[in-house]
Amino acid sequence: MTAYDVLRSEWGKFRSIRATLGCLAGALAATAAYGYLFGLADARRYLAGSAADRAAFDPTDTGFRSLVLAGVLVSAVGVLAVTSEYASGTMPVSVAAVPRRGLLLGGKAAVVAVVTLVAGPPMALVSFTLSQLSLAARNVPSAGLGDPGVLAAVAGAGLFTGLVGLYGVALGFLLRRSAGAVSLGTFLLILPGMASLFPDAIAEWIVVWWPSAAGARVFAVHPGSAGLPPLAGVGVLAATVLALLCAAAAVFRARDV
């Protein structure tokens with residue numbers, strides 16, 4: 001089979017997996033719900049805060065925070081695109097049809113990457129819009145799509161979600177089990193949210209350099225100096241995903257399906 005044939009085949013498989021479509025729909029719903037709820041929470045914090053807290057308030061930070069949580073469902077899309085074949089017992093058939101396992105892995109990765117890349121900006125747009133409406137309804141400063149850097153952050157969401165989808169593909173090939181891969185993927189994605197549980201030096205490292213935290217810098221409309229620049233942050237996430245995909249390719253070639 002040619003690369004084009006593999007892509008067509010993998011696209012057909014992807015569309016036939018209801019769980020992946022459900023995860024994508026769930027990710028969009030999650031960004032909407034969490035975007036609005038984060039707006040409510042930040043509005044309360046702003047109204048109860050000091051003058052210094054109000055001066056430091058950045059409504060654009062509120063707008064994109066939900067994307068990290070929705071990333072759990074986006075990574076599950078990548079996982080299920082792989083593990084559904086192991087669960088149904090069709091992976092040996094796929095390998096027989098495409099003996100070049102690297103090509104098969106690449107076809108799955110390409111389909112997941114394109115779908116999740118395209119899904120990112122609409123998710124970001126929904127999250128941003130609802131969060132800002134939530135802030136404005138309580139007379140708290142809000143931002144608009146026309147503000148400098150906002151549309152770039154919306155577009156950057158595609159990079160984040162595309163890489164997180166590939167991250168799920170890699171875990172799917174490495175673990176071959178949906179529950180294990182989704183559970184591990186979830187833990188690793190949300191680890192920065194638990195940074196306060198670690199000693200200060202480790203917590204600071206996690207918040208800056210952990211791949212999901214670094215990749216989320218692509219949403220930073222006003223990056224400041226507390227973390228990595230947006231492009232450097234997404235570079236850390238991309239390098240991590242590339243390393244995982246290389247490991248997945250090596251394992252996929254080495255073992256029986």
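Starting from 1, each residue takes its place in the sequence as its number.
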Please report the shortest heavy-atom distance between Ser127 and Ser66, naming the atom on each side.
-> OG-OG, 2.6 Å
Could you pull out the closest heavy-atom pair between Leu166 and Val112, with the gap in Å?
-> N-CG1, 4.4 Å
Quick one: are Val77 and Phe14 in side-chain contact, heavy atoms under 4.5 Å?
-> yes
Decide whether Leu67 and Leu69 are clustered together by the hydrophobic rule: side chain heavy atoms of Ile, Leu, Val, Met, Phe, Trp, Tyr closer than 4.5 Å, transitively.
-> no
Should we count CZ of Arg101 as having more than 12 external heavy atoms under 6.0 Å?
-> yes
Is the Tyr86 ring parallel, tilted or perpendicular to the Phe173 ring (thresholds 30°, 60°)?
-> perpendicular
Do Met123 and Val74 come close enough that some side-chain heavy atom pair is under 4.5 Å?
-> yes
So, does Thr186 use its side chain to make a donor-acceptor pair with the main chain of Val182 at under 3.5 Å?
-> yes
Rounded to the nearest 0.5 Å, how far does CG of Leu37 lie from OG of Ser134?
-> 8.0 Å
Is it true that a side-chain atom of Gln132 and a backbone atom of Ala143 form a donor plus acceptor pair closer than 3.5 Å?
-> yes
Minimum side-chain heavy-atom gap Val251-Arg176 below 4.5 Å = no
Do Val221 and Phe128 come within less than 4.5 Å of each other through their side chains, counting heavy atoms only?
-> no
Test item: Ser9 side-chain N/O and Asp5 main-chain N/O as donor-acceptor pair under 3.5 Å | no
The reported gap from CG in Leu104 to CZ in Arg253 (rounded to nearest 0.5 angstrom) is 11.0 Å
Tell me yes or no: between the side chains of Lys13 and Ser94, is some donor less than 3.5 Å from an acceptor?
-> yes
How long is the span from the CG atom in Leu40 to the OG atom in Ser131, to the nearest 0.5 Å?
-> 10.5 Å
Begin from the C-alpha positions of Asp42 and Arg45 and carry the test salt bridge (Lys or Arg N to Asp or Glu O under 4.0 Å) through to its verdict.
-> CA-CA 5 Å; Asp42 283 358; Arg45 191 175 299 113; 2.4 Å; yes
State the CG-CG distance between Leu125 and Leu145, to the nearest 0.5 angstrom.
-> 5.5 Å
Near Arg255 CZ, under 6.0 Å, is it more than 12 heavy atoms from other residues, nucleotides or ligands?
-> yes
For the atom pair OG1 (Thr60) and CZ (Arg65), what is the distance rounded to the nearest 0.5 Å?
-> 10.0 Å
Applying the 4.5 Å side-chain criterion to the ILVMFWY set and letting contacts propagate, would Val208 and Leu188 be lumped into a single cluster?
-> yes
Taking Ser75 for the side chain and Val164 for the main chain, is one N or O donor matched with an acceptor at less than 3.5 Å?
-> no
Hey, could you give me the CZ/CG distance between Arg15 and Leu21, rounded to the nearest 0.5 Å?
-> 10.0 Å
Of all the heavy-atom pairs spanning Val150 and Phe64, show the shortest one and how long it is.
-> O-CZ, 4.2 Å
Between the side chain of Trp209 and the main-chain N/O of Leu228, is any donor-acceptor distance below 3.5 Å?
-> no
Should Trp11 and Val114 count as side-chain neighbours, where that means a heavy-atom distance under 4.5 Å?
-> no
Contact summary for Leu184 and Tyr167, nearest pair of heavy atoms = O-OH, 4.0 Å
Are the side chains of Leu189 and Val68 in touch, meaning some heavy atoms are under 4.5 Å apart?
-> no
Does Phe252 CZ have over 12 foreign heavy atoms under 6.0 Å away?
-> yes
From the list Leu244, Leu245, Val82, Val169, side chain to side chain contact (heavy atoms under 4.5 Å, CB included) with Leu174 holds only for Leu244
Would you say the side chain of Pro192 lies within less than 4.5 Å of the side chain of Val207, judging by non-hydrogen atoms?
-> no
Spell out, yes or no, whether Trp210 and Leu159 are grouped together once hydrophobic residues are joined by side-chain heavy atoms under 4.5 Å, including indirect joins.
-> yes
Side chain to side chain donor-acceptor pair (under 3.5 Å) between Ser178 and Thr83: does it pass, once the steps are laid out?
-> CA-CA 6 Å; Ser178 299; Thr83 56; 2.6 Å; yes
Expected output: side-chain Arg54 to main-chain Tyr46 donor-acceptor under 3.5 Å = yes
Does atom CZ of Arg138 have more than 12 heavy-atom neighbours, drawn from other residues, nucleotides or ligands, at distances under 6.0 Å?
-> yes
Nearest heavy-atom pair of Val111 and Leu7: which atoms, and what distance?
-> CG2-O, 4.0 Å
Same apolar cluster (I L V M F W Y, side chains within < 4.5 Å links), Ile202/Leu191 = yes
Please report the shortest heavy-atom distance between Leu175 and Ala181, naming the atom on each side.
-> CD1-CA, 3.5 Å
Side-chain contact, heavy-atom cut-off 4.5 Å: Glu85 with Lys108?
-> yes
Is it true that Val118 and Val115 fall in one hydrophobic cluster, defined by side-chain heavy atoms closer than 4.5 Å?
-> no
